Amino acid sequence: MTEPAKVNMEKIVSLCQRRGFIFPSSEIYGGLSSCWDYGPLGVELKRNIKEAWWRTVIQERDDMVGLDASILMHPKVWEASGHLEQFTDPLVECKSCHLRWRTDELKDNHCPSCGGELTEPRLFNLMFKTFMGPVEEEANVVYLRPETAQGMFVNFQNVLNTTRKRLPFGIAQIGKAFRNEITTGNFIFRSREFEQMEIEFFVKPGTDEEWFNYWLEERYNWYIKLGIKKENLKLREHTKGELAHYALKCYDIDYLFPMGWAELEGVANRGDFDLRQHASHSGKSLSYLDEETKQHIVPYVIEPSAGVDRSTLAVLCDAYAEEADKEEIRVLLHLHPTLAPIKVAVLPLSKKEALVTLAKEIHADLRSCWMVQYDDTQSIGRRYRRQDETGTPFCVTVDFQSLEDKQATIRERDSMNQIRVPISELKNTLQAKLEGEDLFILPPGGQVWKEEKRSV
Ligand code: GAP
């Protein structure tokens, strides 16, 4: 992690807590280290990221299907996958305070916390262990999955049999993963409970390099399409020493987080490691009959593996901006409309009954299409600022004139431009704007609504 970016993490954390994106887990009890709760806006943002991913990698493709596998899996899964043996960090323990440290975190041979003497390094498995059933004994040990990937490998044959997909095809899933991380911190960047969005794409051996390049480009472009700035993304190839035990090749898509460049997503060529391992440990065939050659082959796997929480953090950092605005600073999130937690806020200019009634009618009508907020507290300027800070792309303002001319004002977050639109055209106009249309020309081929710049 090098080259700190301009947005600092304190500002992101503070905004997230102040506006209800993300809270420390169990905060009233002092929090639980490296666990986070997504609040009313955070849950919407995260849901929108997951939906955008699902739409791109499953809904809009012929060669992908979805899955939702159980978090608890047969313990043999982790034997076969190599996680029991290999998913470890070498740690030293302080003989006085018993804190454990990774050797690469040490300046010298003393405990960074109390200065005590340290033990020799020992391997420490990162999987969370628990017991299934009422008896806490070794025979009942199960693990919380450290990656969602294995659910897709063990279901390879089920999916093949039930969907009749032919190679190349992929399985994708979104779900929780758990790692007893030793080095945590940097907010939701590295936590002990997190969500992954993973694809296992099965291909014929020999075509793996081509598919690897394809997926690397697809995944990189997905972030760009969602508005992440190109200059904040880069690709980095893993050195031989860095490669995970299953990987033939891996690239990280790195993002320039406030603490420096760090992994957002990994794209790996896992070869036939996983299917072969599970076939040999389960005794079940996980091969594929190639109809052209009539040969049974074990497919290779290309795995783009993204973190939901890291994507959320990258999206927030990338969108965060502060602008000089008269005497004040306007804080805003330039969120892509697809990702914005609230798409539209409906704001009556005052609390006069007639305005409130009309604004509530508009709110009721629009909320059938999107997440829409109604707000009639405080001055209109303050309400605009609140929506800017949470990334709401459009505000609809209802004023006294609206009662007469049946028009309302749409105010855009980024430009602060305002236009007046017939209330009957609000839905269409907002729909077009949310889909990225620049001009206020609606209905298609129809009238051009007048655009005027206002100061609030
Ligand atoms: N199946 C392959 C795999 O799990 P990984 O690089 O260990 O690969 C993939 O994890 C992605 O999961 C990472 O790029 C990151 O976005 C996310 N991730 C991994 N560990 C995480 C953690 N402790 N907290 C948050 N996200 C994490």
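Residue numbers start at 1 and run along the sequence shown. Just so you know, these numbers come straight off a predicted model, no measurement behind them. Excluded from the calculations below are hydrogen atoms, water molecules and symmetry mates; all remaining heavy atoms, backbone and side chain alike, are included. Both counts, for ligands and for their atoms, begin at 1 and track the order of listing.
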> Which word best sums up how the rings of F273 and H245 line up, parallel for under 30°, tilted for 30 to 60°, or perpendicular for over 60°?
perpendicular

> Is there any side-chain hydrogen bond (donor to acceptor under 3.5 Å, both in side chains) pair reaching into residues 305-316, and which pairs are they, with sequence neighbours excluded?
Y38-D309, E198-S305

> Any donor-acceptor pair under 3.5 Å linking the side-chain atoms of D252 with those of H238?
yes

> Just checking, is any N or O donor in the side chain of Y223 or E265 under 3.5 Å from an acceptor N or O on the other one?
yes

> Using a 3.5 Å cut-off on N or O atoms only, is I188 in polar contact with ligand 1?
no

> Taking 4.0 Å as the limit for heavy-atom contacts, which would you say applies to T148 with ligand 1: side chain only, backbone only, both, or neither?
neither

> Could you list which atoms of ligand 1 come closer than 4.0 Å to a heavy atom of E147?
1 (N), 2 (C), 3 (C), 4 (O)

> Any idea which atoms of ligand 1 are less than 4.0 Å away from a heavy-atom of G307?
16 (O), 17 (C)

> Quick one: is the NZ or CZ of R219 closer than 6.0 Å to the six-membered ring centre of W215, and within 45° of its axis?
no

> In this structure, does ligand 1 have an atom that sits under 4.0 Å from one of the heavy atoms of D309?
no

> Under a heavy-atom criterion of less than 4.0 Å, does Y246 contact ligand 1?
yes

> Counting only heavy atoms, tell me which of E265, E198, R179 gets closest to atom 5 (P) of ligand 1.
R179

> Counting only heavy atoms closer than 4.0 Å, does ligand 1 sit against the backbone of M197, its side chain, both, or neither?
neither

> Examine ligand 1 and decide if any of its atoms is less than 4.0 Å from a heavy atom belonging to H238.
no

> Could you walk me through whether W36 and F187 pass the ring pair (Phe, Tyr, Trp, His ring centres under 6.0 Å) check?
CA-CA 8 Å; W36 301 93; F187 197 30; 4.8 Å; yes

